[in-house]
Structure formats: C-alpha cells, structure tokens
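Here's the structure, in structure tokens; my notes come after.
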Amino acid sequence: MENRKLVLKQWFLVTIGSFLLLILSFAMYYMLFMIFERVIRSGEHYAFVSYLRVGHGIFWLILCIGLYFSKIRDWLKACFLAMGMSTFLTAISVQLYEKAWISIVFPASIILLAAFLLFKFKMKWYHYYALGLVIIALIIYYFVIRYVGRLTIICK
C-alpha cells in the first residue's frame, strides 16, 4: 500500500510539475518575443523569431541535461526533462514546418535516443513517463498547428 502511494505521489508531481514548467517556458518565450518585437523589429519583418525560438529551445534542453548531473530530486529532473525536450522539439518542429516528414522523424529519433540513455543509466519509471508527456505535447502541437491552423485558413 505504501509503494502504491509513493508511485501515485511521483506520478502527480511529475505530471503537475511538467505542466507548470511548460507553461513557464512558453510564458518566458512570449515575454522574450514581445521584448524583441519592440526593441529589434524593423518594419514588419520578424527575422529574429527563428533564432529566438530555437535558442529558447536549446537553452531549456541544455539546462535540462545539466540538471541531470545535479543533486536535485529525481522527480524534478523528470519534470525538467519533459519541459526541456517539449520546448526544444516544438521549436525545431516549427522551424521544419514545411518539411513534414523531417519534423516527425527528427523528434522521434531524439525521443528514442533519450529513452535509450534513460535505459542505459537505469533511471526510474517516471523519467520514461516524462518522455511520454513529451510525445503527448508534440501530438497536441501537431494537431493544433497542422490541422486546426489549416481549418482557420480554409474558413477565411
């Protein structure tokens, strides 16, 4: 019974923590975007957006990897894994929007590599669960951007 409570607690912490960190990540991106838009933008060109988006994703991924070498709680590392990989892979997928097959193959290969590394280093189950959350975030992104976005274009 005690083991079941621990598993439920870890599941809850990783789920809520990952979701809150993902909200924080995208809020920070939006804040940076607004600052860059007001300071750097010249005319109607948004040349900075791709650099900002990918740089933001790379920053969170590097932070996530760095935290795996720290002594913070394991479930918190899993939360940062879900947030860092989701942010990075979403940014890359947005950049590769016109090349649909690459925007699916690249994230899939990164997730498989991460799963292999988690297995190799004998990480606990909730790290794999964090990868599952990354997959869910990417599926939501693909659905919203690719299909709902197209519907709004068609309806106009």
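No hydrogens, no waters, no symmetry mates; every other heavy atom, side chains included, goes into these values.
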Is I92 reachable from I139 through a run of I, L, V, M, F, W or Y residues, each pair having side-chain heavy atoms under 4.5 Å apart?
yes

For the atom pair NZ (K124) and CG (L118), what is the distance rounded to the nearest 0.5 Å?
13.5 Å

Single-linkage hydrophobic cluster, 4.5 Å side-chain cutoff, L61 and F121 together:
yes

Evaluate the criterion side-chain contact (heavy atoms from CB on, under 4.5 Å) for residue pair L13 and Y126; output intermediate values, then yes/no.
CA-CA 10 Å; L13 288 171; Y126 45 81; over 6 Å; no

Mind checking whether L96 and Y51 sit in one hydrophobic cluster, side chains of I, L, V, M, F, W, Y counted as touching below 4.5 Å?
no

Residues which pass side chain to side chain donor-acceptor pair (under 3.5 Å) with T87, listed by chain and number, not counting sequence neighbours
S25

Donor-acceptor pairs under 3.5 angstrom involving side-chain atoms of residues 71-86: please list them, not counting sequence neighbours.
{"from": "D74", "atom 1": "OD2", "to": "H127", "atom 2": "NE2", "distance (Å)": "3.4"}
{"from": "K77", "atom 1": "NZ", "to": "S70", "atom 2": "O", "distance (Å)": "3.1"}
{"from": "S86", "atom 1": "OG", "to": "A82", "atom 2": "O", "distance (Å)": "2.7"}

For V49, what residues pass the side-chain contact (heavy atoms from CB on, under 4.5 Å) criterion, not counting sequence neighbours?
Y29, F33, Y46, R53

Output for pair (F12 CZ, K5 NZ), nearest 0.5 Å, gives 15.5 Å

Got a second to check how far I102's CD1 is from S109's OG, nearest 0.5 Å?
11.0 Å

Is the shortest side-chain heavy-atom distance between V7 and W125 below 4.5 Å?
yes

Under 4.5 Å between side-chain heavy atoms, hopping through other hydrophobics if needed: is there a path connecting F119 to I65?
yes

Determine whether the side chains of W11 and Y129 contain a donor N or O and an acceptor N or O closer than 3.5 Å.
yes

Rounded to the nearest 0.5 angstrom, the CG-CD1 distance for L52 and I35 is 10.0 Å

Minimal heavy-atom distance between I111 and L131, with the atoms involved, is O-CD1, 4.0 Å

Do W60 and L63 come within less than 4.5 Å of each other through their side chains, counting heavy atoms only?
yes

Common cluster, F69/F88, ILVMFWY with side-chain heavy-atom separation under 4.5 Å:
yes

